[in-house]
Amino acid sequence: MGDEVLPVTDENVSAEICMDMLTQARDGVVIIDDRNCIVFFNPAAEKLWGYTGAEVMGRNVKCLVPMDIRQDHDAFIAHNRTTGVNRIVGTSREITFESKGGDYVSAEMSISTALIGPENKRYYMAFMKGVTEESHRKKLLDLQNTVFRSLSGDMMIQDVADLVCQGIEDFVPNSVAVLMLVTEDHRLQILSGSGLPRRFGAALEHMTLSDADVAALANDLDEASSIVWESYRSMGISLGLHDCWASAIKAPNGKIAGILALYSRNQHKGADWPKKIVSGAVPFCGVVIEQYEARQHISQLANYDPLTGFLNRSSLHKILKSMISQPGDNRFAVVLMDLDRFRDINDALGHVQGDTFLKAVAERLKTLCRSNYVLSRSGGDDFVVVIPNATAETAVAFVKNVIDAMQRPLNVAGNHLAASFSMGIAVFPENGPDGESLVSCAEIAMRQAKKDARGGYKLANTTESTEAQDRLVLGSALRDSLSKGMLNLHYQPQIEAITGKIYGVEALSRWNHPTLGNIFPSRFIAVAEETGQIEAIGRWSLEKACRQITRWDRDGVRIPVVAVNLSAGHFRNRSLVPMIDGLLKKYNLAPERLTVEITESVMMDESEETMNVLSSIRKLGVGLSMDDFGTGFSSLSRLTRLPLTEIKIDRSFIMNLEHDANAQAVTTAVIGIGNRLGMTVVTEGVETEAQYSLLQALHCDVLQGYLFAKPMSATDLEAWARKPHDFLKTTSENHTQKDE
């Protein structure tokens, strides 16, 4: 570096020189004034956007920015002018914008700002370096690497396909990427394409490719565009799709395995580079489809019977476990079917024809089942059909249909063979708490049917099987779960009818056994009463509820009162009162924070001991609630003598409250009785706003039901309570609208 320093004159840094430098810069340069209008647009910018300087000079700069931010762009600049907070100014970032010709251009943008002139008006200058081709190649390579890493891990193929389509859509704004499989019967199956209009997707999946279509795709992968677009162009345009680039995906064996399509929502014709994006993505999309088919094949071998295609035994039990664990009072039927005299067919025709016979039986059986039935071949000649949402009557109707259908002979290797099943039916939850028990009960019934008369059916003996299994299986499991703390309390909010605010919660016992699944309270409470464990559950519930109140208080969640259910046996035990008193002191709780719910059987107990226990609980200040009032043999005279603070109207009266005059009459009477006796009236099972409105008009105090919330864990209730709820406002507004 020389030591000579030359003088710098005004001529060296004249405005003319600076403007010439900006004009001749290889990067696009755009300058806007204090009104956000373009005042400089050099030739490099013209090349990037496709507009001449004359077309944009004096226009608002939002005409150049990406379409999705145009509406808010002036506000972004105004925020910077006002606050001086620079989130974009002084940084460098890659953006994608739309050129005049409809192409999507990627460029690296950096923005500078300066105060110009005596009035210090703020101008902005953007430098734009086009990086489209290079950027897309890099992004495609990055996406490919991400896909390969995902495939080598545990990610579901569906999620990988979604990742691919999302990545492609990021390259082409305002587009929808769709990855489709070509099935063995030449139909299209959408593997990923969440943004595709449903009607358009349904049309594609209803299409069957002809042999000529498949041959054309094998000869020219780009023929995919005519298949997934040209035939549906009118429908696509009506649904907001205006262009498509597509390519077939060829497997290593030469078979057409799928199609990758990219649909554009832009109304004008775009450039061809989206086609390059599709072509660049096809190779790793092929790998995704190859992996999908491989995993499907492995799944088929692991989960299905290779002869009939039905689920195997282990998969059947997985399905049963899943169905049993579903929340709510779900029901289903298990039908176990044993082929009569199959050994004779094997002996007479040989095992090969015996297998052919089994396949023919399976095909006949499949025609009798609806799409949501679960079919399994659980043994050599045993089949199982699971009927969702079914009662015993539903299962019997299905079985009779099977008996009729099997009277038609089956053609096996020129032999017309008659087939019949001996069948046993088990129903969940009556015949067992788990899949093994249900199948076992169905098998016992099937053997009895085979013994009585082949070709018939028997229902599992509900009383014997359920009572025995509940006492042996559930009783033992419940004792073990209690000792290991495996029971849980869920809490259902109760809402004040007048204010719409939370009144309290009801604590409800829940039992999810690691092998038996979710056990309904109605079942395990009955077992607990029969096996002498009900008092232990009551003590556990009280302790758990009191501890939870203090935790909510500590965390700033105000739950005014918690109601705990106790059975009749508790109130014959004098230790109940000191136990409750001890819990209140242990957790430093005001007694009005706790309510004990009693059943009508307690109410009808005339013993002095029970009355003393109830009175002592009230003297502590703890509330007493009559649960499910009106479902038993309640005595009004007894109601007046009991120290109750609350009565609960059973949900059975509320189910048809809007339409049943008798239910309305009973509900009105109970609310009136409660109000006159100075008791709080709580209504369970409120599920509709119409019920809310009617109960509000009847002056019911507190409402509980799915309209407000389902029973939930303590953690979920805390999150629920922290959110704003205005049930009263919502309900009132809706009724006002209905009235208008």
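In this text, all values refer to a predicted model and were calculated from it rather than measured experimentally.
Closest approach of Arg377 to Leu307, counting heavy atoms only: NH1-CD2, 3.5 Å. For Ala426 against Leu438, the heavy-atom pair with the smallest separation is CB-O, 3.4 Å. Minimum heavy-atom separation, Ala395 to Ile387: CA-CD1, 4.1 Å. Listed here is the closest heavy atom pair of Val228 and Ala261: CG2-CB, 4.1 Å. Considering every non-hydrogen atom in both Leu410 and Ala419, the closest pair reads CD1-CB, 4.2 Å. Heavy atoms only, all atoms of each residue included: Arg364 and Ala405 are closest at NH1-O, 2.9 Å.
Residue pairs meeting the salt bridge (Lys or Arg N to Asp or Glu O under 4.0 Å) criterion with at least one member in residues 180-206, sequence neighbours excluded: Glu184-Lys255. Judged as a salt bridge (Lys or Arg N to Asp or Glu O under 4.0 Å), not a single pair has a partner in residues 396-405 (not counting sequence neighbours).
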Go through it in stages, so that I can follow the logic: the residues are Leu260 and Val178, the test is side-chain contact (heavy atoms from CB on, under 4.5 Å), and I'd like the CA-CA distance, side-chain angles, deciding distance and then a yes or no. CA-CA 6 Å; Leu260 175 63; Val178 185; over 6 Å; no
Take Ile277 and Trp245, measure what side-chain contact (heavy atoms from CB on, under 4.5 Å) needs, and give me the verdict at the end. CA-CA 9 Å; Ile277 296 293; Trp245 303 269; over 6 Å; no
Step by step, would you call Val335 with Met337 a side-chain contact (heavy atoms from CB on, under 4.5 Å)? CA-CA 6 Å; Val335 182; Met337 318 168 78; 3.8 Å; yes
Show your reasoning for whether side-chain contact (heavy atoms from CB on, under 4.5 Å) applies to Gln166 and Asp162. CA-CA 6 Å; Gln166 182 60 57; Asp162 291 342; over 6 Å; no
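Using a 30° and 60° split on the angle between ring planes, Phe310 and Phe383 fall in the perpendicular class, above 60°. Ring orientation note: the planes of Trp49 and Phe41 are tilted relative to one another, at an angle of 30° to 60°. Classification of the Phe428-Phe332 ring pair by plane angle, with boundaries at 30° and 60°, yields parallel.
In this structure, Met57 and Tyr51 have side chains that are not in contact, with every pair of non-hydrogen atoms separated by 4.5 Å or more. A heavy-atom distance below 4.5 Å is found between the side chains of Val386 and Val384. Taking 4.5 Å as the limit, some side-chain heavy atom of Cys285 sits within range of a side-chain heavy atom of Val164. When side chains are defined from C-beta on, Lys321 does not count as touching Thr515, because their heavy atoms never get closer than 4.5 Å. At least one side-chain heavy atom of Leu179 sits under 4.5 Å from a side-chain heavy atom of Ile249. Inter-residue side-chain proximity for Ser225 and Glu230 is flagged as unmet; no heavy-atom pair is nearer than 4.5 Å. Arg331 is not listed as a side-chain neighbour of Asn389, based on a closest heavy-atom distance of 4.5 Å or more.
For the residue pair Tyr124 / Asn80, a side-chain donor-acceptor distance below 3.5 Å is found, with atom types taken as modelled. In summary, the side chains of Asn36 and Asp74 do present a donor paired with an acceptor at a separation below 3.5 Å, with no hydrogens or angles considered. A side-chain donor-acceptor contact under 3.5 Å links Thr391 and Thr394. Side-chain contact of Asn512 with Asn518: a donor-acceptor pair under 3.5 Å is present, judged by distance alone.
In terms of modelled atom types and a separation under 3.5 Å, the side chain of Glu55 and the main chain of Thr52 share a donor-acceptor contact.
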Which pairs would a plain distance check flag for residues 213-220, meaning a side-chain donor or acceptor within less than 3.5 Å of a matching protein atom at least two apart in sequence or in another chain?
{"residue": "Asp213", "atom": "OD2", "partner": "Ser210", "partner atom": "N", "Å": "3.0"}
{"residue": "Asp213", "atom": "OD2", "partner": "Ser210", "partner atom": "OG", "Å": "3.1"}
{"residue": "Asp220", "atom": "OD1", "partner": "Asp222", "partner atom": "N", "Å": "3.1"}

